[in-house]
2 protein chains.
Amino acid sequence: MAYTIKDVAKRAGVGIATVSRVLNESPNVLPETRARVLAVIDELGYRPNHAARQLVTAKTNAIAIILPFLTRPFFIEVLRGIESVVANSDYQLIIFNVDSPEQRTRYFNTLPFLGRTDGLLIVSLPLAPPEIKRLQAANLPAVMIDTQASNLPSVVVDNVGGAFKAVEHLISQGHQRIGFISGQLEPDLGFTVNRDRQRGYEAALTAHHLPVQAEYLRAGFDRRDWGHQAALELLDLAEPPSAIFAANDDLAFGVIDALRERGLKAGEDLAVVGYDDLEMAQLIGLTTIHQPMEQMGRKGAEVLLAALNEGTRRPTLHTLAVSLIERASSAKPSKA
Amino acid sequence: MAYTIKDVAKRAGVGIATVSRVLNESPNVLPETRARVLAVIDELGYRPNHAARQLVTAKTNAIAIILPFLTRPFFIEVLRGIESVVANSDYQLIIFNVDSPEQRTRYFNTLPFLGRTDGLLIVSLPLAPPEIKRLQAANLPAVMIDTQASNLPSVVVDNVGGAFKAVEHLISQGHQRIGFISGQLEPDLGFTVNRDRQRGYEAALTAHHLPVQAEYLRAGFDRRDWGHQAALELLDLAEPPSAIFAANDDLAFGVIDALRERGLKAGEDLAVVGYDDLEMAQLIGLTTIHQPMEQMGRKGAEVLLAALNEGTRRPTLHTLAVSLIERASSAKPSKA
DNA sequence: ATGAGCCATGGAAACGTTTTCAGAGCATCT
DNA sequence: AGATGCTCTGAAAACGTTTCCATGGCTCAT
């Protein structure tokens, strides 16, 4: 068995309370005593038992992050941002991946993190009011990233504004017929990205006195093959669009795939703009909206740590800016 | 404050031991008693305190995963595999990201997971014998993924064999002059992938009676821009190779980039083969070696869980197979 | 010289569980 | 009828900390 505080105390010839004081850097310990205790700790390789400490302090020194689709680049980047901040604190990071609505409700019903974590980072998953209530009842500080809850601190990006920028860019290039391809507008897990970006798309058209045409709107799935299929559908219209705005880069890749299949080229025969600015976008030369994904993670983690350490707990809303990255896929069209 | 087991006991008119028995599904409890206790638990919304439970059982119900470069696709896929297995157990997953040698040594010296986790999954990071000793001294079951330690269970892929396959494929396409681009052969964190794949490259050449030419070997960094630069260097040789094997897909993307810059096309002017089979590889049409990344994670997690639940602790070695995925980038060359 | 106040220290309670142990009740066997 | 054994139960010990409280020694002002 591992050594306990008693072993240290005995060996150092002091009481366990003194050892505890040394451990917790309490002042009132004679330097000489402290040195002796530290020497023994070092000699025995003693390490305080976490569980015992947790039991009495009621602190876990861990925070949980709940995110969907661990595998998608967006979430990875966010995770990376979070990790970079948390690694420099003395908190540990527990991961919960949620891929299905069932898992989601299971998590928020059983709250398996309760008592195992001091705080929560919730990425992209919108919470229902009763769920928020339950968190607050449990006195568990939470920060939302990429979703918003009115009574919780939230870190978001302006999806409507970003989409607006994307479409406005296309319009400024002379495009009048602009298609929009997105994933589900009302997905199982309640994401609002697609809806928000569609709103931005429509707002930009309207602001420039262009009509919003139903046949140019293609909401399907958040998968590349849907981007592919939807692009083909748009190309086959009697009057096909001269530009396509895809609600995320992955869909845009599908679009580019479809173009290639038809012997067409993005940026020459049809302008394409994506959203996310994944690493791949640069390689492919895709014009897109850059989201500060890692920064979102960092900011969220910082807000949570501040709440934990200083007790700051105001539900502030942090909105991060997005920017347009111009690349070859939206060069000026040959035929306006 | 939250309710404790005492509150439940009092309210149900039983002793705390009985509540504990109900909680732990011990047999010897009268069905009627059990029902009464469960009713009270439900009524109060009682949840057992983790720390207290841990303290007495000396079990944390958490496992830690230690991996480098959380951001690279390879590790993400492995992580996803791990997560998918762990999510179905009642363990939780704590993440430690290690990006620098300093962090690495810090982690393995302080062992911050000690007492917070029941087991360890170590991805790609080779351990020095004293480090392994320390883990075993702490009685902490560990499984290595994508590295190997003689006295710990390990899940690996055959990097030498995979590289062999890749190069043999190029040779079978008629190539005689084959370049090899890789990251550092002796990187800071001690990965051996690059070295292993180089060995496979050399073995394949030798097996087919082709010379290993030093000027065709380019070891640099695990970054796309190195692939780019090294490819240019190879192209500028007096007698440039007709094919390039890149030690990972990312490097291969850099190669393709360089070709494009010179107005050349992979698969037509020069054959390119990568390694990893990232999602992007498919999009780009890169011939590559498919690694079962997610499966590695799953397997590793399964082995660890088995060790935890059943006490199986033999240091078995699990070698997973890799396969060649032929795509356009290694079509038959026009001029052999 | 004496009391007030401070500092360093140790003993013991408390945290909320699990688990050991002993006992009560009851049926079964001799 | 008494011994035996089984099932269910509760009291109490144990886990390893932190923290409260008491105490003894010391300094310093009176």
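- Side-chain N/O atoms of A:Thr33 include one lying less than 4.0 angstrom from OP1 or OP2 on C:dT9.
- One atom, CZ of A:Arg34, and another, P of C:dA8, lie 10 Å apart when rounded to the nearest Å.
- Counting to the nearest Å, the C1' atom of C:dG16 and the CZ atom of A:Arg116 are 15 Å from each other.
- Along DNA chain D, the nucleotide nearest to B:Asn28 and the one nearest to B:Leu55 differ in position, and the one closer to the 5' end is contacted by B:Asn28.
- The CG atom of A:Asn24 sits 7 Å away from the P atom of D:dT19 (whole-angstrom rounding).
- Although no hydrogens or angles enter the test, the distance criterion places no donor-acceptor pair under 3.5 Å between the side chain of B:Thr319 and the main chain of B:Val156.
- Side-chain proximity of A:Ala52 to the nucleotides D:dT9, D:dT18, D:dT17 is greatest for D:dT17.
- Side-chain proximity of A:Asn49 to D:dT17, D:dT19, D:dT9: nearest is D:dT17.
- Put simply, CD on A:Gln54 is 14 Å from C1' on D:dC15, counting in whole angstrom units.
- Nearest to the side chain of A:Tyr46, among C:dT17, D:dG10, D:dT17, sits D:dT17.
- Contact annotation: B:Thr57 side-chain N/O to C:dT18 OP1/OP2 distance is not under 4.0 Å.
- The side chain of A:Pro48 lies closest to D:dT17 when the candidates are D:dA11, D:dT17, D:dT9.
- Atom NZ in B:Lys59 sits roughly 20 Å away from atom C1' in D:dG16 (whole-Å rounding).
- Rounding to whole angstrom units, CD1 of residue A:Ile5 and P of D:dC15 are separated by 14 Å.
- Remark: P of D:dG10 and CZ of B:Arg36 are 8 Å apart, rounded to the nearest angstrom.
- Between A:Asn309 and A:Tyr91 there is a side-chain heavy-atom pair separated by less than 4.5 Å.
- When each of D:dG16, D:dC8, C:dT18 is scored by its nearest atom to the side-chain atoms of B:Leu30, the top-ranked nucleotide is D:dC8.
- Nearer to the 5' terminus of DNA chain D, by closest-nucleotide assignment, is the contact made by B:Gly15 (compared with the other of B:Gly15 and A:Arg21).
- Paired with B:Leu127 under the rule side chain to side chain contact (heavy atoms under 4.5 Å, CB included), one option of B:Arg104, B:Lys133, B:Gln148 passes, and it is B:Arg104.
- Residues A:Asn109 and A:Arg134 have side chains that bring a donor and an acceptor to within less than 3.5 angstrom of each other.
- Judged by closest nucleotide on DNA chain C, A:Pro31 is the one of A:Pro31 and B:Thr18 placed further toward the 5' end.
- Using a 4.0 Å heavy-atom criterion, one finds that A:Gly13 contacts the sugar-phosphate atoms exclusively.
- In this structure, the side chain of B:Thr117 engages the main chain of B:Phe113 through a donor-acceptor pair within 3.5 Å.
- Environment of CD in A:Glu310: crowded, with over 12 heavy atoms of neighbouring residues, nucleotides or ligands closer than 6.0 Å.
- Of the listed nucleotides (C:dC15, D:dA12, C:dG16), D:dA12 has the atom at the smallest distance from the side chain of B:Ile16.
- Taking 3.5 Å as the limit, the base of D:dG16 and the side chain of A:Arg47 contain no donor-acceptor pair of atoms between them.
- One interatomic measurement links the two molecules: CG of B:Leu23 to P of C:dG16, which rounds to 15 Å at whole-angstrom precision.
- Backbone-only engagement by B:Thr4 is indicated by non-hydrogen atom pairs under 4.0 Å involving sugar-phosphate atoms exclusively.
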